[in-house]
Amino acid sequence: MKERITGAEALMRSLVAEGVDLVFGYPGGAIMPTYDALYDHRNELHHILVRHEQGAVHAAQGYARVSGRVGCALATSGPGAMNTVTGIADAMIDSTPIVVICGQVGAAVMGTDAFQEVDVIGVTQPITKWAYQIRRAEDVAWAVSRAFFIARSGRPGPVVLDFAKNAQTGMVDYEPAVVDYIRSYQPVPVPADDVIQQAADLINESERPLVLVGQGVELGNAREELRQFLEKADLPAGCTLLGLSALPSNHRLNMGMLGMHGNLAPNVMTNQCDLLIAVGMRFDDRVTGNVETYARQAKIIHFDIDPSEINKNISVNLAVVGDCKQTLARVTARLNERKHKAWLESFKPYWDKETACVIEPAIHPTEGPLLMGEVVNRVSEATKHKGILVTDVGQNQMFGCRYFKYEEPRSVVTSGGCGTMGFGLPAAIGATFGAPERTVCLFVGDGGLQMTIQELGTIMEQKSPVKIILLNNNYLGNVRQWQYMFFNRRYSFTPMLNPDYERIATAYGIPCQTVTDRSQLAEAVRTMLDTPGPYLLQCAVKEEDNVLPMTPPGANVDEMLLEVK
């Protein structure tokens with residue numbers, strides 16, 4: 001016999017049916033019936049009260065990225081819903097599976113400019129996989145099941161449910177719904193055998209192959225399949241920013257990070273290989289540089305689950321459209337066992353050059369102010385390279401991703417395509433809930449920290465064990481670097497007057513320490529990691545440090561600067 005319950009209660013039961021046990025949110029008027037229902041489900045659905053709705057979405061992203069599950073966020077209508085938009089856009093471009101549920105005014109007053117009414121569907125439709133307005137209690141179970149199916153399947157991404165107040169309070173004869181098929185939606189295409197064979201043939205014939213590894217490998221849980229693929233045919237690989245932990249940093253075939261601030265060797269060799277094999281990446285402009293000269297000498301194979309990415313930015317010779325966990329294994333079975341000794345050795349001079357000119361001076365300086373690179377390197381070593389790296393956006397992000405090392409999967413949480421300042425702190429909170437057994441290290445700049453600094457309140461309340469490493473250079477560092485290099489050193493509104501971060505941390509009950517000299521660094525890092533719960537380690541770093549190498553905007557991918565004059 002069906003039970004007659006409210007739409008809000010139906011939402012709770014539907015979330016539990018989808019395996020949700022954690023929700024990040026902030027209550028308000030239009031979502032209040034849902035929060036009232038949540039009160040009776042506190043043992044099943046752990047609610048994390050954030051201090052701003054943007055923080056709820058970024059926390060849900062951090063949770064999803066490290067756990068592989070769908071993150072969930074709750075907000076009210078109007079300004080509450082609008083505060084989620086930045087996180088939703090971020091999740092869309094970085095393929096992060098989240099479901100955001102926003103309250104909405106009742107259906108009877110929609111379109112009248114009612115108090116806190118905003119057209120949430122109109123705003124979010126372009127930046128979601130699916131956006132749907134629930135106007136009746138009868139539609140709740142179906143909508144929730146469909147939302148989670150869309151968010152997690154195929155190329156993952158965000159879904160928004162706009163939940164009218166009358167649908168929350170209305171009554172329904174509830175029964176669970178299971179949506180696992182949508183006629184117009186094919187989440188996982190399956191390539192034909194001849195496409196698989198063509199890919200294998202191109203790889204078997206290649207003398208100078210290079211694999212570009214993207215986040216799709218992590219999203220598809222295909223790390224082992226990637227390893228077997230690379231090792232069987234002796235294929236060197238470079239990783240995108242979001243794909244860095246898809247391959248252990250110390251793997252002999254890992255040639256480093258791709259992109260504007262990546263490593264010299266894989267960027268140069270992109271324009272020297274005879275076959276480029278892209279796996280789960282989208283040829284972002286920060287990876288390609290000038291598309292007119294990008295890998296013109298090479299044939300290109302593109303493995304991707306999303307057909308819309310094929311030929312979008314770079315024209316390819318062969319598309320293998322499908323789940324890379326399946327497609328890589330199918331191609332690997334047809335590969336010849338190869339050795340590319342001479343080709344692999346040709347990467348070494350570029351690595352040696354970058355190591356001497358950039359890496360060693362950055363991580364092992366002998367004099368001068370503390371450097372961001374040495375702080376990142378010290379923390380990574382202290383975690384035995386098993387921690388989760390979370391970054392904000394800017395120089396902290398680039399130094400963090402360059403000098404942190406990775407042994408385990410799902411170890412990089414950063415805002416890639418959107419470049420959202422303020423992402424780091426709430427995302428790190430979410431990561432501590434998504435992987436509570438691991439150490440979460442947040443590298444953040446003084447600019448980005450202040451954008452979502454209110455989430456220190458969430459850390460205080462939850463005792464979320466985020467290890468916050470504040471790289472404080474009293475600048476909006478990344479913009480300052482561009483002003484230094486391309487705008488005649490005219491530092492237009494990039495110097496920052498900062499507050500006393502130690503006093504702020506103390507006010508939130510978070511242990512803290514400030515390091516001003518490298519002689520203090522090792523002990524301070526040990527203290528941070530040995531202290532249970534959250535910790536803020538403020539490092540006073542060189543004010544005018546620059547992230548190098550760098551491909552200037554509009555330049556060819558192999559035209560990397562190793563120094564700034």
Side-chain angles (χ1 to χ4, degrees), residues 7 11 14-15 18 24-26 28 30-31 34 53-54 56-58 60-61 64 70-107 109-114 116-136 138-168 177 179 181-187 219 282 305-309 312 415-420 423:
L11 174 65
S14 298
L15 290 176
E18 290 297 328
F24 302 92
Y26 201 92
I31 199 68
T34 290
E53 292 89 353
Q54 182 179 347
V57 182
H58 290 327
Q61 289 178 271
V70 179
C72 190
L74 276 177
T76 194
S77 64
M82 291 304 95
N83 285 341
T84 69
V85 169
T86 296
I88 293 166
D90 194 286
M92 184 66 177
I93 199 165
D94 283 351
S95 304
T96 306
I98 59 172
V99 172
V100 179
I101 302 165
C102 300
Q104 183 56 280
V105 301
V109 295
M110 286 181 186
T112 67
D113 291 331
Q116 292 192 332
E117 180 191 3
V118 169
D119 182 1
V120 172
I121 300 302
V123 170
T124 62
Q125 212 159 28
I127 53 171
T128 54
K129 285 188 74 178
W130 187 52
Y132 180 75
Q133 188 172 78
I134 304 174
R135 293 191 173 203
R136 307 183 311 155
E138 294 94 321
D139 296 332
V140 171
W142 167 84
V144 171
S145 183
R146 182 180 170 107
F148 277 82
F149 173 62
I150 291 173
R152 70 166 65 98
S153 61
R155 179 181 181 175
V159 170
V160 166
L161 294 178
D162 191 35
F163 200 4
K165 198 167 186 178
N166 65 286
Q168 298 173 53
V179 175
Y181 170 76
I182 300 170
R183 186 177 62 181
S184 59
Y185 173 53
Q186 186 183 8
L219 296 174
R282 58 187 181 84
I305 200 167
D306 184 355
S308 73
E309 290 295 343
K312 185 174 82 174
S415 174
C418 229
T420 304
F423 171 89

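For the numbers below, each heavy atom of this structure counts, side chains included, while hydrogens, waters and symmetry mates do not.
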Polar side-chain atom of Asn83 near backbone of Pro79 as donor-acceptor pair, under 3.5 Å: yes
Under 3.5 Å donor-acceptor, Ser145 side chain and Ala141 backbone: no
Ala107 backbone acceptor or donor facing Asn166 side chain under 3.5 Å: yes
Flag, side chain of Gln104 to backbone of Val118, donor-acceptor distance under 3.5 Å: yes
Main-chain N/O of Pro187 paired with Ser153 side-chain donor or acceptor, under 3.5 Å: no
Tyr26: partners by ring-ring contact (aromatic ring centres under 6.0 Å, His included), with sequence neighbours left out: none
Nearest heavy-atom neighbours spanning Ala75 and Thr84: CB-CG2, 3.8 Å
Worked check of side chain to side chain contact (heavy atoms under 4.5 Å, CB included) between His58 and Thr420: CA-CA 10 Å; His58 290 327; Thr420 304; 3.8 Å; yes
Validation row, ring centre Trp142 to ring centre Tyr132 under 6.0 Å: yes
Lys129 side-chain N/O to Ile150 backbone N/O, donor-acceptor pair under 3.5 Å: yes
Polar side-chain atom of Glu117 near backbone of Gly111 as donor-acceptor pair, under 3.5 Å: yes
Option among Gln116, Met110, Lys165 that satisfies the side chain to side chain contact (heavy atoms under 4.5 Å, CB included) test with Val105: Met110
Check: Gln168 side chain, Phe163 main-chain N or O, donor-acceptor pair, under 3.5 Å: yes
Show every donor-acceptor pair shorter than 3.5 Å between a side-chain atom in residues 93-102 and any protein atom, with sequence neighbours excluded, or say none if there are none.
residue: Asp94; atom: OD1; partner: Gly417; partner atom: N; Å: 2.9
residue: Asp94; atom: OD2; partner: Gly416; partner atom: N; Å: 2.8
residue: Ser95; atom: OG; partner: Arg155; partner atom: NE; Å: 2.9

